[in-house]
Protein chains: 2
Amino acid sequence: MATRTDAPTRREQILKEAARLFAERGFHGVGVDEIGAAVGISGPGLYRHFPGKDAMLAELLVGISDSLLTGAKRRLAEADGATGSGADAGGPGAVLDSLIEGHIDFALDDRPLITLHDRELDRLRDADRKMVRQLQRQYVELWVGVLREVYPALAEPAARSAVHSVFGLLNSTPHLGRPGSLPGRAVTASLLHRMARGAFAAVGEA
Amino acid sequence: MATRTDAPTRREQILKEAARLFAERGFHGVGVDEIGAAVGISGPGLYRHFPGKDAMLAELLVGISDSLLTGAKRRLAEADGATGSGADAGGPGAVLDSLIEGHIDFALDDRPLITLHDRELDRLRDADRKMVRQLQRQYVELWVGVLREVYPALAEPAARSAVHSVFGLLNSTPHLGRPGSLPGRAVTASLLHRMARGAFAAVGEA
DNA sequence: CAGGGCGGTTAGCGGTCGTTAACCTGAGGG
DNA sequence: CCCTCAGGTTAACGACCGCTAACCGCCCTG
């Protein structure tokens with residue numbers, strides 16, 4: 001796949017600005033005119049790119065969930081391949097670290113999307129909501145499986161609760177102040193990573 | 001103060017139902033007619049109790065923030081008194097445990113309010129929003145102070161980030177399934193408590 | 001150089017929302 | 001016995017919102 005250096009298409013501009021606005025003021029709190037103005041066109045011009053306001057939210061939420069799940073699957077496969085072929089410092093702990101790292105990257109780089117992800121799900125039409133819910137569930141179950149490999153004594157319901165709670169922890173990035181006031185991306189990522197591991201350890205090594 | 005055994009007043013009914021509805025569908029997603037219907041009166045009847053829809057949200061959010069801060073101050077005072085008078089198993093660690101316990105109680109018992117608390121803040125008028133923000137900031141700083149007593153090596157910005165992140169963890173209760181599907185309140189509370197302590201330890205004992 | 005369609009524009013429609021106005025009723029006190 | 005007033009009701013207004021209709025210019029192609 002080519003790393004895209006192209007200018008973003010108009011459609012992508014719209015999605016990005018819509019995500020920001022939805023995250024800031026809520027889906028119902030943003031008008032189509034505002035979304036249009038954010039990309040330099042006005043109101044109804046959006047309907048050349050999307051069938052409606054709902055469709056923008058749907059594409060955003062499905063995209064987020066799918067991207068998270070796809071990334072996690074890729075990391076899982078990479079780690080399994082590594083541990084299978086060579087005797088490096090891998091193992092289930094490394095896979096868990098990789099999942100955490102991926103989620104943190106997402107939470108730090110796409111804050112508006114992380115905000116929308118657990119906030120505006122109920123505004124979707126039934127079909128879209130079911131799809132997003134299914135992707136989210138797969139993502140959670142993937143984490144639960146890896147977590148229980150690291151801590152085999154952990155029962156499944158507890159593992160699931162722990163995963164949801166750590167998502168809450170990692171998704172707290174929007175509350176950590178604007179990107180400028182952060183002590184640096186790497187520092188924040190490391191802090192979140194250690195806290196997530198600590199939280200898991202506290203419930204897994206009971 | 002008398003522990004209230006009275007039937008809830010109409011005003012309290014309205015606030016409770018409004019909180020539930022706002023949490024479910026967002027502030028802009030709920031009409032005044034629905035709030036009225038939820039308490040058995042209809043639409044404009046609400047204006048005998050509140051000057052407007054905004055005022056309901058404002059009272060809810062200020063109430064939450066104030067209640068959290070007041071409870072935390074009380075716990076801090078109680079713990080300080082205990083450690084000051086006798087040589088029991090207290091100390092800053094016990095204070096931190098008490099803060100965590102209080103926050104968990106709130107997150108488990110008032111899920112709609114916890115949801116609103118970090119979701120609809122921007123819908124407030126400037127004055128109200130400033131007040132809520134100030135209460136929230138005091139609450140955070142109180143936690144930061146206690147946390148840095150437990151882990152003196154922890155720098156202040158890191159401590160503040162850690163507190164926000166643990167709030168994210170504790171406030172994940174709305175995602176843990178409906179109250180019925182939980183493995184029992186005490187079990188969930190214990191799990192959250194251990195995870196919070198583990199997360200703090202992981203960043204404090206670096 | 002004609003023409004078609006992509007990507008815009010403005011005007012406006014229908015519905016919904018928060019709020020106000022005007023009216024009503026039943027209980028309590030002088 | 002009347003008056004007041006708290007706590008409702010319905011009707012309606014004005015604003016806003018999502019979306020459609022109708023129109024238009026530019027670029028690309030045959």
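Residue A/R10 places at least one side-chain N or O under 4.0 Å from the OP1 or OP2 atom of C/dG8.
The salt bridge (Lys or Arg N to Asp or Glu O under 4.0 Å) search around A/R123 returns A/E120, not counting sequence neighbours. Taking B/H28 as the reference, nothing meets the side chain to side chain donor-acceptor pair (under 3.5 Å) condition, with sequence neighbours excluded. Shown here are the side chain to side chain donor-acceptor pair (under 3.5 Å) partners of B/S98, two or more places apart in sequence or in another chain: B/R75. The side chain to side chain donor-acceptor pair (under 3.5 Å) check on A/D122 picks up nothing, with sequence neighbours excluded.
Computed from coordinates, the A/R123 CZ to D/dG18 C1' distance equals 17 Å when rounded to whole Å. Rounded to whole angstrom, the span from the NE2 atom of A/H28 across to the C1' atom of D/dC16 amounts to 15 Å. Per the geometry, CD1 belonging to A/I14 stands 16 Å off P belonging to C/dC6, to the nearest Å. Atom-to-atom, CG of A/D33 to P of D/dT20 comes out at 14 Å; the value is rounded to the nearest Å.
Contacts of B/V39 with the nucleic acid, taken as non-hydrogen atoms under 4.0 Å apart, are absent.
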Hey, can you pull the donor-acceptor pairs under 3.5 Å for the side chains in residues 183-194 of chain A, sequence neighbours left out?
{"unit_1": "A/R185", "atom_1": "NH1", "unit_2": "A/D109", "atom_2": "OD1", "d": "2.5"}
{"unit_1": "A/R185", "atom_1": "NH1", "unit_2": "A/D109", "atom_2": "OD2", "d": "3.1"}
{"unit_1": "A/R185", "atom_1": "NH2", "unit_2": "A/D105", "atom_2": "OD1", "d": "2.6"}
{"unit_1": "A/T188", "atom_1": "OG1", "unit_2": "A/G184", "atom_2": "O", "d": "3.2"}
{"unit_1": "A/H193", "atom_1": "NE2", "unit_2": "A/D97", "atom_2": "OD1", "d": "2.8"}

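For DNA chain C, the residues of residues 41-54 of chain B within the heavy-atom distance limit of 4.0 Å (strictly under) are B/P44, B/Y47, B/R48, B/G52, B/K53, sorted by number.
Atom CG of residue A/L142 and atom CG of residue A/L99 lie 6.0 Å apart, to the nearest 0.5 angstrom.
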